[in-house]
K.L.:
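This is the structure I want to talk about, given as structure tokens.
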2 protein chains.
Amino acid sequence: MNKSTAPLILEQFLPFRLSRLSESISLKFAQHYKREFGMTRPEWRALAALGQLGTLTSTQICQHSNMHKTKVSRAVQALNQRGWLHRKRDKADRRIEYLQLTQIGRRRYTKLVALAHQFQSDMDSTMSAAELATVNEAIRILEQLKVNGVSTNKAKPT
Amino acid sequence: MNKSTAPLILEQFLPFRLSRLSESISLKFAQHYKREFGMTRPEWRALAALGQLGTLTSTQICQHSNMHKTKVSRAVQALNQRGWLHRKRDKADRRIEYLQLTQIGRRRYTKLVALAHQFQSDMDSTMSAAELATVNEAIRILEQLKVNGVSTNKAKPT
DNA sequence: AATCAATGGTTACAATTGTAACTTAATTAG
DNA sequence: CTAATTAAGTTACAATTGTAACCATTGATT
């Protein structure tokens, strides 16, 4: 059987399967925080990164969450306007801005985290321990492939 | 340790991990067909579904690939304008349109499939057989969760 | 120190997307 | 048989996004 004339079985094609999966799961989760907190996905992601890691620059958020820098820029603006984070310029290098959640931001973050834990444990509870282990192992494997790298902040190649 | 005050470890949170993964992998693959065939992601997906499954309606493409119906509608228009598919109304129920690839469409499809197989085997070759099995098994598990369902074509709930 | 390249970040503008409303056709209820 | 519902698919419009160009600042080269 000549491979080049065989059709592509989408149900076996990794990019297809992954994005179909990821989109439905992320959408499902997004419904929660969209409805209850009026947040967009990029905002949620930036908030989550800052909540977990403390102080970050926009560039670091880009790298960590693999989002485009304009997305991050706008998410950060939105969070800032709501008073959920504040910005602090680096004294030494005044291009750099450190971002950090405010009191209010941290309170929101705590609520969101509860949602997330709930969501995760709902998913987990539909799997056996062994299945869960398989899932985690698989994702770990894929993450190491590092096919990675949305262009987050790089200059154009010459 | 009270869970409700613990931060969320994004590196362990399934929706986050999946979408980070999926986005970088899909983007990587998209670069190929975008550059070489000038196709968008929805177009590629519609083409792939039709190539594999033969004749489909727009609604079926929605369900199969979990894309929003307007996305599919526009992708189908684009493919149609390029002469890659043709539409045929159902005689009995004239709301329904059967979509099918043309000669040209099938030729394009064949080329795309070669790209996809290449991509897949590149990925596969960076994993051991056991790892590959784990990955496939994990995705299978997640697919069964069926947290599923982008609203593709449903009427509003009353 | 003057010039040129690179970096962190923002923004204008164009392309892509989703929501809701619409069209046409079929189905069901009265 | 007509009116109200529902389905397949399209489209207008607003929101979201990405690309490329842009500041401002720093670092490197001479």
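In the text below, chain A, chain B and the rest are named by the order of the sequence lines, each starting its count at 1. All values derive from a computational prediction rather than experimental measurement.
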K.L.:
Has A/T59 got a side-chain N or O lying under 4.0 Å from the OP1 or OP2 atom of C/dG9?
P.N.:
yes

K.L.:
What is the distance from NZ of A/K71 to P of C/dT11, rounded to the nearest Å?
P.N.:
19 Å

K.L.:
Name the nucleic acid region contacted by B/A92, choosing base, sugar-phosphate or nothing; use a 4.0 angstrom heavy-atom cut-off, strictly under.
P.N.:
sugar-phosphate

K.L.:
Between B/S58 and B/R74, which is nearer to the 5' end of DNA chain D once each is assigned its nearest nucleotide?
P.N.:
B/S58

K.L.:
For the residue pair A/R41 and A/W44, would you count it as a cation-pi contact if the rule is NZ or CZ under 6.0 angstrom from the ring centre and within 45 degrees of the ring axis?
P.N.:
no

K.L.:
For A/Q77 and C/dA12, what is the distance between atoms CD and P respectively, to the nearest whole Å?
P.N.:
10 Å

K.L.:
Is the distance between the ring centroids of A/F29 and B/F13 under 6.0 Å?
P.N.:
yes

K.L.:
Could you state the NZ-C1' distance from B/K88 to D/dG9, rounded to the nearest angstrom?
P.N.:
18 Å

K.L.:
Report yes if a side-chain nitrogen or oxygen of A/R41 is closer than 4.0 Å to either non-bridging phosphate oxygen (OP1 or OP2) of C/dG18; otherwise report no.
P.N.:
no

K.L.:
Closer than 4.0 Å, any side-chain N/O of A/T70 to the OP1 or OP2 of C/dT10?
P.N.:
no

K.L.:
Check the pair B/R82, B/E43 against salt bridge (Lys or Arg N to Asp or Glu O under 4.0 Å), reporting the backbone distance first and the verdict last.
P.N.:
CA-CA 11 Å; B/R82 270 180 253 167; B/E43 283 161 30; 2.5 Å; yes

K.L.:
For A/R95 and D/dT26, is the shortest distance between a side-chain N/O and OP1 or OP2 below 4.0 Å?
P.N.:
no

K.L.:
Calculate the interatomic distance between B/K34 atom NZ and D/dT19 atom C1'; express it in whole Å.
P.N.:
12 Å

K.L.:
Using whole Å, what does the distance between atom C1' of nucleotide C/dG8 and atom CD of A/Q63 come to?
P.N.:
11 Å

K.L.:
Rounding to an integer number of Å, can you tell me how far A/H68 NE2 sits from C/dA15 P?
P.N.:
16 Å

K.L.:
Could you tell me how the ring of B/F16 sits relative to the ring of A/H64: parallel (under 30°), tilted (30 to 60°) or perpendicular (over 60°)?
P.N.:
parallel

K.L.:
Here's a test of your reading of the structure: between A/D93 and B/I96, which maps to the more 5' nucleotide of DNA chain D?
P.N.:
B/I96

K.L.:
Would you say A/S73 places a side-chain N or O within less than 4.0 Å of OP1 or OP2 belonging to C/dT10?
P.N.:
yes

K.L.:
Taking it one step at a time, do B/R17 and B/E11 satisfy salt bridge (Lys or Arg N to Asp or Glu O under 4.0 Å)?
P.N.:
CA-CA 6 Å; B/R17 300 177 82 186; B/E11 290 77 8; over 6 Å; no

K.L.:
Using atom CD of B/Q31 as one end and atom C1' of D/dT19 as the other, report the distance to the nearest whole Å.
P.N.:
14 Å

K.L.:
Between atom CD in B/E97 and atom P in D/dA8, what is the gap in whole Å?
P.N.:
13 Å

K.L.:
Is B/R87 near enough to D/dA8 that one of its side-chain N or O atoms lies under 4.0 angstrom from OP1 or OP2?
P.N.:
no

